[in-house]
Amino acid sequence: MSDVLLELGRRPGARKLVSSLGLPIPMPVDLARAKTGRTERPLAGKSVAAALGGGAVGTAIANIVAQAGATSWVLGAAAAAQKAGEAWGAPPKTLDIDAIAADVRFHGLVFDASELTEPAQLEQLYAFYHGVVRKIGKGGRAVIVGRDPRGLPPAAAATQAALDGFARSLAKEVGRKAATANLVYVADGAEARLAGALRFFLTTRSAYVSGQPLFVSNDVSGDAPSSWVRPLDGQVVLVTGAARGIGAATAMALAQEGARVMVLDRPEDQAAAAELARKIDGVAVGVDITAADAAEQILAAAPGPITVVVHNAGITRDRTLGKMDAARWNSVIDVNLGAVARITQTLLDKDALAPGARLVCLSSISGIAGNAGQTNYGAAKSGVIGFVTASAPLLAARGIAINAIAPGFIETRMTDAMPAAIREVARRMNNLGQGGQPEDVAQAITFLASPGAIGITGQVLRVCGGALVGR
Ligand code: NAI
């Protein structure tokens, strides 16, 4: 069902009129979205204001931003930024917060908080964003980079943990400009792995991700990618439930990055699966994932060794608990959770996943915040998070990463089926004031499925526009 407010907002006259009505919700602003596959310099022509420390994180950020093609305006660590800028042909400018020209707009606002160890030093965070936040452009990106608070001495842990509440709050303030704020915690020694997360958060690939933390660790050995273009070239990837909705968008996004996609859906959905497979030069696979031999059927259909598995197939069978029959309970638990665990286990038992493989499992905000009428679905989707969290250390030893994606309100047939009034409220309850598109989830999945996500494992990435519910 189309978003009437978003459509009205695209017409300047109507936008002005509706805004003047003083509705309790701001008019949503269209989100800029990537139309093509990944490029080497996605920030070409964009300005990024950065406050950098003199350590390994500041140097890494300076390099990543310059390599991605941005013009940097730098506060602090001028030497590192100068070197990085020269290496990538984009010498940085000095950022003087008190003298930013009136017409300057920044796409990115990046703050290196990695060297902050005392709460009083958070004033540096305040001073930077206070000085530049009103200069953030439409669709801009604030990214804070810190150190994982777990295991730090209490004062340092408190300082680093403060970044989380700051990022979530800033995300709520900039959302009305279709801008986002996110946080990356990078482990000591993992700075070379920062590029994937930073590129994701700084570009349109993360259009509907806001107020979220990501941890970049030393877990799972391997190297950062040498090229950002077609990162999945020639790799065989499996997407379950790919005939429509988020799965279809994911299959297309993965194919755009060079992958050979196994477009899996139920045998009765093969017409749609085959059509999509034809379009993206993939392979249609007719398997019910709840079949006892589903994994064996998948392996028999695979055109080569599988390097990425996206457990996307899912169903809802909503009823309040007193009215829910056992069939609704069991089918939702089995499709969304039981089959995910069974298929993964069989693929591992058969050694079908090589080092470097990546698994992405679809959870949901319902699994984080709960939802009336969805005790079955909420249970299954938080079960997915438990599965991912427990599997990550076991799989890390085999060189495999596993993460969950938790979409919020995404415009698909699943949300089309909601009663109109509930749907209208649900799609507005986030920082960006609108529902996400299947491609927004697809881009986040593609990021976690690509070599650039090295060091990211056992996590739950919400693609929810910064939904007001849950954490
Ligand atoms: P959808 O209903 O549009 O597509 C799901 C696909 O899974 C369908 O093509 C269906 O045939 C397939 N499928 C279902 N049972 C299957 C089985 N036993 N074997 C093989 N394939 C099967 O759903 P949508 O919205 O694209 O959701 C995709 C995933 O994202 C699901 O896991 C869903 O729970 C999750 N999600 C969706 C949200 C939304 O707002 N649309 C929000 C949060 C999570």
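When a ligand or atom number is given, it counts from 1 through the structure's own listing order.
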Got the closest protein heavy atom to [atom], with its distance?
atom                    : answer
atom 8 (C) of ligand 1  : Arg244 NH1, 3.4 Å
atom 23 (O) of ligand 1 : Met414 CE, 3.9 Å
atom 10 (C) of ligand 1 : Asp265 OD1, 3.4 Å
atom 26 (O) of ligand 1 : Ile246 N, 2.8 Å
atom 40 (O) of ligand 1 : Ile410 N, 3.0 Å
atom 18 (N) of ligand 1 : Asp288 OD1, 2.9 Å
atom 42 (C) of ligand 1 : Gly408 O, 3.1 Å

Do we see a donor-acceptor contact under 3.5 Å between the side chains of [X] and [Y]?
X      : Y      : answer
Gln235 : Arg230 : no
Gln374 : Asp318 : yes
Asn430 : Tyr208 : yes

Task: Contact with ligand 1 for Ile365, non-hydrogen, under 4.0 angstrom - done: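 Not so, Ile365 does not reach ligand 1.
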- [ ] Look at ligand 1 and say whether Ser363 reaches it with a heavy atom at a distance under 4.0 Å.
- [x]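 Contact check Ser363 vs ligand 1: positive.
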TODO: State whether the shortest distance between N or O atoms of Thr412 and N or O atoms of ligand 1 falls below 3.5 angstrom.
DONE: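 Between Thr412 and ligand 1, an N or O pair is found under 3.5 Å apart.
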Side-chain donor-acceptor pairs under 3.5 Å in residues 277-289, sequence neighbours left out?
residue, atom, partner, partner atom, Å
Asp288, OD1, Thr290, N, 2.8
Asp288, OD1, Thr290, OG1, 2.6

Using 4.0 Å as the upper bound for N to carboxylate O, is an ion pair formed by [Y] and [X]?
X      : Y      : result
Arg147 : Glu191 : yes
Arg428 : Asp3   : yes
Asp293 : Arg342 : no

Task: Selection from Val441, Leu264, Ile315, Asn312 by shortest heavy-atom distance to atom 28 (C) of ligand 1 - done: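 Looking at heavy atoms only, Asn312 sits closest to atom 28 (C) of ligand 1.
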Open item on the list: I want to confirm something. Looking only at heavy atoms, which of Glu411, Arg266, Lys381, Arg413 is nearest to atom 2 (O) of ligand 1?
Closed with: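 Minimum heavy-atom distance to atom 2 (O) of ligand 1 goes to Arg413.
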TODO: Of the side chain and backbone of Asp269, name the one, both, or neither that has a heavy atom under 4.0 Å from an atom of ligand 1.
DONE: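 For Asp269, the contact with ligand 1 is made by the side chain alone.
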TODO: Keeping the roles fixed (side chain from Ser210, backbone from Gly465), state whether a donor-acceptor pair exists under 3.5 Å.
DONE: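 Pair absent, no side-chain N/O of Ser210 close to backbone of Gly465.
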Open item on the list: Quick test of your reading: applying ring pair (Phe, Tyr, Trp, His ring centres under 6.0 Å), list the pairs with at least one residue in residues 425-464, sequence neighbours left out, ordered by first then second residue.
Closed with: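 Ring pair (Phe, Tyr, Trp, His ring centres under 6.0 Å) check on residues 425-464 returns Phe200-Phe447.
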